[in-house]
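Single-structure report; data block below.
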There are 2 protein chains.
Amino acid sequence: MSRLPRETTAATEPKPGRRASQRPTIRDVSRLAGVSRMTVSRVLSDPELVLPTTRDKVLKAVADLGYVPDKTAGSLSSRRTGFIALMLPTLTNANFAAVAHGLTEALREANYHLLIAYTDYDMAEEERQLLNLLARRPEAIVLTGAMHRRNASRMLMAADVPVVEIADLPSQPIEHAIGFSNYQVGRTAARYLLDRGFTRIGALAASPDGEVTDHRGEERMRGFEDELRLARLPTDAVLRHGSAPVSFHHGATAFRALVEAQPDIEAIFAVSDLSAVGAVMEAQRMNLRIPEDISIMGFGDFEIGREINPALTTIHVDFRALGLRTGKMLVDMLASDATPAPSVVDVGLRIVERASIKDK
Amino acid sequence: MSRLPRETTAATEPKPGRRASQRPTIRDVSRLAGVSRMTVSRVLSDPELVLPTTRDKVLKAVADLGYVPDKTAGSLSSRRTGFIALMLPTLTNANFAAVAHGLTEALREANYHLLIAYTDYDMAEEERQLLNLLARRPEAIVLTGAMHRRNASRMLMAADVPVVEIADLPSQPIEHAIGFSNYQVGRTAARYLLDRGFTRIGALAASPDGEVTDHRGEERMRGFEDELRLARLPTDAVLRHGSAPVSFHHGATAFRALVEAQPDIEAIFAVSDLSAVGAVMEAQRMNLRIPEDISIMGFGDFEIGREINPALTTIHVDFRALGLRTGKMLVDMLASDATPAPSVVDVGLRIVERASIKDK
DNA sequence: GTGACAGATGATATCGGTCCCATTAAAGGA
DNA sequence: TCCTTTAATGGGACCGATATCATCTGTCAC
């Protein structure tokens, strides 16, 4: 036999190319099944289009090779990544986690995948994260209100993708908004305490001057103060103490500080159940009776508030439902090619009365 | 002028093609800057390779167009997605959230993005999620131990990607493992209570027969029971009650059930701080004094345990550090093309002594 | 028998980047 | 001066799917 290179053989050999991994591709499946790549693709995305006998051949090849389609390639071609971006201040907050949970659930049926980023309440980080997210070409973006840095807004407009702001109702929504008014939370809390007959009313929140800012929490405080002012009551017992995000410990130290500064305080609204629970614990340590000596209410209806003694009166927002609803809306929106008009949905809030408040 | 179509003009016009969106591509940038696509790509990924003057031209074009590179396309070409997959039982657990947090932090510098999936402790869901994740071609996979369904394991082996199991030390790790032994947690807890002189010792956990199974929690119980047995003590006060995942409320109801069934109980280990805190709250309601009447210890060192009265003795594992460490290991591993030998790292655990336990 | 039509499948271009190698210009060495 | 080396840039193939349109086969009505 000649030792000259044989063109014909060379042509049928796989070209070396860039291929390094031995992971099977759709081409391998198609060869093994003896069909075209397109048929394989159809079997996996819309099996009804393919004859059952062909389908079985393909599925067998898929199984034999352990083929897992590459969504990166699919996304590029179909221009649909199947990603929904979610930007949160933090994951270590049960309510935000609940939002993510609800969203995921709603998106699962339509086979969207959540792409989560969190900012630790840091605005610069927010912008960087947003750029990272956009580079993944999500089909929609969900974010917690508050973000209104100029650049971020501009990037969002340019992204040409549905934007949903959640967990707040911004005065100037970028596009859609689903949430509740944090300002109204504050006013509602103050109104509730006023209606119970209290006149020495205080509040616990984080200082807005810290490195990180909890914009939504500050909105609640603003509403709270406004309602007090409308009732012609002083706001000097509204304590902004320590840095965001708040925690049990924050509530404990802030409570002590407030009580020491204002010994005659009758009722306290904490910016979050976390602070409120911390306050109740500190009160126990100070031998102050809740609610006989001081009434306390919180916000967020965290599970722990139901379990402590006394159980915590709080303002409830159904964050999981909020996530679910957002997800459903997005699935509908993305299924139809029409661009719906911007919408703003208020999911409302509800006072949950428990034992930590006693009418004056 | 002729009204015949002019070929030359037509050739320079953009082809209609599939292009729908008007989002700028690298081609638009290159045209505007008067350079090749490759040069644009270099400016964005390795600016040192490009002459400053050229670089500036390109960056200006990028800014003018508001160009955001498409990582989907980039990933396909470079065969590097920049994704690390993370699979967790749930996000609504502070310790798992802390893992995600630590991981994110470690991955940020190397510009990897976490792809999070969670299973709600559901094995079937786990498998579906894993497939979804693999289709995104992550460069590594991090998962909580326990997952050993046949199919899932097979898929992982086939994925040809580093696998790290965390938050447990499986007896047969798939590849790498970073975590602690839940079994040892149980034994350590029992040993600690034995050393304090208790002989009537109980525990609170979820039933493993429920719809969802907390494999790690059950491991802790197994270790706890083994240590009791070694001390020739009965295990009949180890209560498996209700369904996973546990919660404050779970702890409260399980505590009451246990105390009613075993009134002479002296000390209790709860599978999680959540249960333990719930138990302390229920004890308060039952007018049982902690620790005078009953000692309680938990696991996980959740923030709330530090704040309640009495503060909770617990077993601490640094989950955030665990995430950080995992992330660092992955970054190193992916930077070098070598495949390191499988490693198992025990991050250990630590008893945190607080007021909820009093020696007998 | 034949044309129209629907159903099943295939061929090929394309998505938007990066890899690899070629080309050109500038710098340095004998 | 000429050759080699290095730096900067460009050209074109390619990553692995899907969109789109073409082809082929068989059925049915007239």
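All values below were derived from every heavy atom in this structure, side-chain atoms included, with hydrogens, water molecules and symmetry-related copies excluded. Within every chain, numbering begins at 1; the chains are lettered A, B, ... in the order of the sequence lines, protein sequences first and strands thereafter. On a predicted model such as this, the values are computed, not experimentally measured, just so you know.
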Short side-chain N/O contact to D/dG16 OP1/OP2 from B/Arg79, under 4.0 Å: yes

Nearest-nucleotide pick for B/Leu76, side chain only, options being D/dC15, C/dC20, C/dG17: D/dC15

Closest non-hydrogen atom pair between B/Ala106 and B/Val331, with its separation: O-CG2, 3.8 Å

side-chain contact (heavy atoms from CB on, under 4.5 Å) between B/Ile141 and B/Val164, intermediate numbers included: CA-CA 6 Å; B/Ile141 299 184; B/Val164 186; over 6 Å; no

Spacing of B/Ile26 atom CD1 relative to C/dG17 atom C1', expressed in whole Å: 6 Å

Side chain to side chain donor-acceptor pair (under 3.5 Å) against B/Tyr121, all qualifying residues, sequence neighbours excluded: none

By salt bridge (charged side-chain N to carboxylate O under 4.0 Å, His left out) - contacts of B/Arg128 (at least two apart): B/Glu125

Stretch residues 42-57 of chain B: residues that reach within less than 4.0 Å of DNA chain D through a heavy atom: B/Arg42, B/Val50, B/Leu51, B/Thr54

A/Arg37 CZ - D/dT20 P separation (whole Å): 16 Å

Side-chain N,O (B/Ser36) to OP1/OP2 (D/dG10) below 4.0 Å: yes

Interatomic distance where CG belongs to A/Asp70 and P belongs to D/dC14 [whole Å]: 18 Å

Phosphate-side-chain proximity, A/Tyr67 and D/dA17, N/O vs OP1/OP2 below 4.0 Å: yes

Closest to the B/Arg137 side chain, choosing from D/dA19, D/dA17, D/dG11: D/dA17

Exam field: side chain B/Glu139 to backbone B/Leu334, donor-acceptor pair closer than 3.5 Å: no

Between P of D/dC15 and CG of A/Asp28, the distance in whole Å: 12 Å

N/O (side chain, B/Ser77) to phosphate O (OP1/OP2, D/dC15) under 4.0 Å: no

Nearest to side-chain heavy atoms of A/Ala73, which nucleotide of C/dC19, D/dG16, D/dT18: D/dG16

Residue list, side chain to side chain donor-acceptor pair (under 3.5 Å) with B/Asp122, at least two apart or on another chain: none

Of all pairs that satisfy side chain to side chain donor-acceptor pair (under 3.5 Å), the ones with a partner from residues 48-67 of chain A, not counting sequence neighbours: A/Lys60-A/Asp64

Closest non-hydrogen atom pair between B/Gly179 and B/Leu322, with its separation: CA-CD1, 4.2 Å

Whole-Å gap separating C1' (C/dT18) and NZ (B/Lys71): 14 Å

Check: A/Phe83 main-chain N/O paired with A/His113 side-chain donor or acceptor under 3.5 Å: no

Distance in angstrom units between A/Arg136 CZ and C/dG16 P, rounded: 17 Å

Main-chain N/O of A/Ser343 paired with A/His176 side-chain donor or acceptor, under 3.5 Å: yes

Spacing of A/Arg27 atom CZ relative to C/dG10 atom C1', expressed in whole Å: 13 Å

Contact under 4.0 Å: B/Thr39 side-chain N or O vs D/dG10 OP1/OP2: yes

Estimated bend of the helix from C/dG1-D/dC30 to C/dA30-D/dT1 (axis per five terminal pairs, rounded to 10 degrees): 50°

Spacing between B/Arg80 atom CZ and C/dT18 atom C1', to the nearest angstrom: 12 Å

